Amino acid sequence: MKRRPLLAGNWKMHTTVIEACHLAAEIGKCSADLDDRDVLLAPPFTVISEVAHVLRESRVLIASQNVCWEEQGAFTGEISPTMVKSAGGTAAIIGHSERRQIFHEDNGMINKRVHGALHFGLLPILCIGETLEEREAGKTFSVLEEQVREGLGGVSSDDMRKTVVAYEPVWAIGTGKTASKEQAQEAHAFVRKLLAEMYEKDIAESVRILYGGSVNPDNVDELMAQADIDGALVGGAALKAESFCRIINFT
Ligand code: PEP
């Protein structure tokens with residue numbers, strides 16, 4: 001099955017309003033002719049609306065970097081799915097390793113966030129990935145399985161069709177160390193097989209699985225050439241228009 005590539009830039013806790021508008025404008029320009037793939041930006045909450053405004057005539061999608069399961073209420077520091085939508089977002093990154101590691105979000109909370117996003121009509125991008133310690137202990141696949149099963153617990157087949165999974169080995173995030181194309185493909189194939197056990201085969205075949213972890217202009221082409229890699233979630237290299245434009249124009 002041919003899956004539409006998705007190239008996503010996660011700006012993390014970077015960019016002031018002015019910087020975000022400039023970067024978004026550059027990406028709007030270099031993505032203008034790309035009609036065979038999706039390009040998505042996840043700016044900080046504070047600039048979602050400005051970025052959405054700058055890109056209003058482009059095809060670039062906007063995501064939040066996290067999302068709460070509630071629509072409103074006493075949840076200091078959180079952002080609700082309706083807030084994201086009202087600011088111009090259509091997707092949300094959920095379970096990023098920085099949320100898991102620094103802010104101790106567990107699979108249960110991540111699952112609530114996935115349901116919240118789906119319930120209010122945002123496309124969830126569920127991040128999973130093992131630490132170096134887990135990989136070296138031979139636990140990569142059991143960790144991925146637990147994150148997928150628990151993160152997607154209770155998600156219906158229909159909702160699964162709208163969900164994106166991002167495999168991001170923690171040891172490759174922001175370290176300049178990329179998983180080899182073989183390591184990435186092996187993990188992606190494992191996740192797709194697992195999805196086929198949890199859902200129907202055609203759903204597993206249609207779900208986009210992104211790779212994230214030091215993706216850059218020099219490695220994007222070989223990663224994207226792998227059978228089960230359907231896109232990239234990019235951190236550092238998404239903060240410079242030149243490198244992100246090269247990444248989204250992968251060949
Ligand atoms: C990320 O933030 O999801 C990420 C993969 O970062 P980097 O590309 O910098 O490794």
Side-chain angles (χ1 to χ4, degrees), residues 5-15 19-20 23-24 27 38-48 51 60-67 89 91-105 110 113-114 117 123-132 134-135 140 143-144 147-148 151 163-181 183-185 187-188 191 208-224 226 228-250:
L6 170 60
L7 292 309
N10 172 16
W11 291 0
K12 308 195 186 195
M13 199 173 71
H14 294 284
T15 68
E19 288 163 353
L23 185 52
I27 291 159
D38 290 330
V39 176
L40 176 148
L41 296 178
F45 300 151
T46 47
V47 292
I48 290 178
V51 168
V60 179
L61 306 167
I62 314 287
S64 56
Q65 296 175 16
N66 202 356
V67 75
I93 295 175
I94 298 172
H96 189 279
S97 68
E98 286 147 20
R99 298 304 314 172
R100 293 178 188 262
Q101 307 242 301
I102 306 171
F103 300 100
H104 307 295
E105 292 192 14
I110 288 162
R113 294 189 188 279
V114 168
L123 173 149
I125 303 173
L126 171 66
C127 302
I128 57 168
E130 81 288 358
T131 61
L132 185 57
E134 288 162 344
R135 176 163 279 265
T140 298
V143 168
L144 296 183
Q147 291 175 339
V148 169
T163 301
V164 173
V165 177
Y167 168 61
E168 299 207 296
V170 180
W171 48 273
I173 297 183
T175 57
K177 214 171 164 185
T178 321
S180 67
K181 56 186 191 313
Q183 283 172 320
Q185 166 58 26
H188 282 231
V191 172
R208 290 182 289 184
I209 307 177
L210 316 183
Y211 170 77
S214 300
V215 174
N216 62 49
D218 297 327
N219 59 26
V220 66
D221 297 340
E222 65 172 20
L223 286 162
M224 289 303 295
Q226 303 307 303
D228 288 290
I229 299 185
D230 309 311
L233 181 51
V234 186
L239 288 170
K240 293 256 178 326
E242 196 186 347
S243 53
F244 193 62
C245 287
R246 168 63 184 91
I247 289 169
I248 64 178
N249 280 280
F250 77 89

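Every value quoted in this text rests on a predicted model; they were computed, and no experiment measured them. Quick note: residue numbers are just sequence positions, from 1. For ligands, and for the atoms within them, numbers begin at 1 and follow the listed sequence.
For ligand 1, the polar-atom distance check finds an N/O of Ser214 within less than 3.5 Å of one of the ligand's N/O atoms. By the 3.5 Å distance cut-off applied to N or O atoms, Lys12 is counted among the residues near ligand 1. Looking at ligand 1, you won't find any N or O of Val234 less than 3.5 Å from one of its N or O atoms.
In this structure, Leu6 CG and Asp38 CG are separated by 5.5 Å, a value rounded to the nearest 0.5 Å. One distance of note links CH2 of Trp11 with CD of Glu19; it measures 10.0 Å at 0.5 Å rounding. Rounding to the nearest 0.5 angstrom, the gap separating the NZ atom in Lys12 from the CD1 atom in Ile173 is 6.0 Å. Distance check, rounded to the nearest 0.5 Å: CZ of Phe250 to CG of Leu223 gives 11.0 Å. Here the CD1-CG distance, from Ile48 to Leu41, works out to 11.0 Å after rounding to the nearest 0.5 Å. Annotation: the span from Glu130 atom CD to Tyr167 atom OH amounts to 3.5 Å, rounded to 0.5 Å.
Close contacts of ligand 1 with Gly174, meaning ligand atoms under 4.0 Å from a residue heavy atom, involve 7 (P), 9 (O), 10 (O). Residue Gly212 has at least one heavy-atom neighbour below 4.0 Å for each of these atoms of ligand 1: 5 (C). Per-residue contacts place Gly213 under 4.0 angstrom from the following atoms of ligand 1 (heavy atoms of the residue considered): 5 (C), 10 (O). Near Ala172, meaning under 4.0 Å from any of its heavy atoms, are these atoms of ligand 1: 10 (O). Within ligand 1, the atoms closer than 4.0 Å to a non-hydrogen atom of Leu233 are 3 (O), 5 (C), numbered from 1 in the order shown.
Ionic pairing of Asp218 and Arg246 is not present here: no N-O contact between side-chain nitrogen and carboxylate oxygen is shorter than 4.0 angstrom.
For the side-chain contact (heavy atoms from CB on, under 4.5 Å) criterion with Thr15, the lone passing option out of Thr46, Val51, Val47 is Val47. Test His96, Arg100, Arg113 against Glu105 for side-chain hydrogen bond (donor to acceptor under 3.5 Å, both in side chains) and you get one pass: Arg113.
Looking at Ile173 against ligand 1, both its backbone and its side chain come within 4.0 Å, counting heavy atoms. When non-hydrogen atoms are compared, ligand 1 lies under 4.0 Å from neither the backbone nor the side chain of Ala166.
Protein heavy atom at the shortest distance from atom 5 (C) of ligand 1 is Glu168 OE2, 3.1 Å. Looking only at heavy atoms of the protein, atom 9 (O) of ligand 1 is closest to Gly236 N, 2.8 Å. In this structure, atom 8 (O) of ligand 1 lies nearest to the protein heavy atom Gly235 N, 2.8 Å. The closest protein non-hydrogen atom to atom 1 (C) of ligand 1 is His96 NE2, 3.2 Å.
In this structure, Ala237 has no heavy atom closer than 4.0 Å to ligand 1.
Side-chain N or O atoms of Gln185 include one that pairs as donor or acceptor with a backbone N or O of Asp228 at under 3.5 Å.
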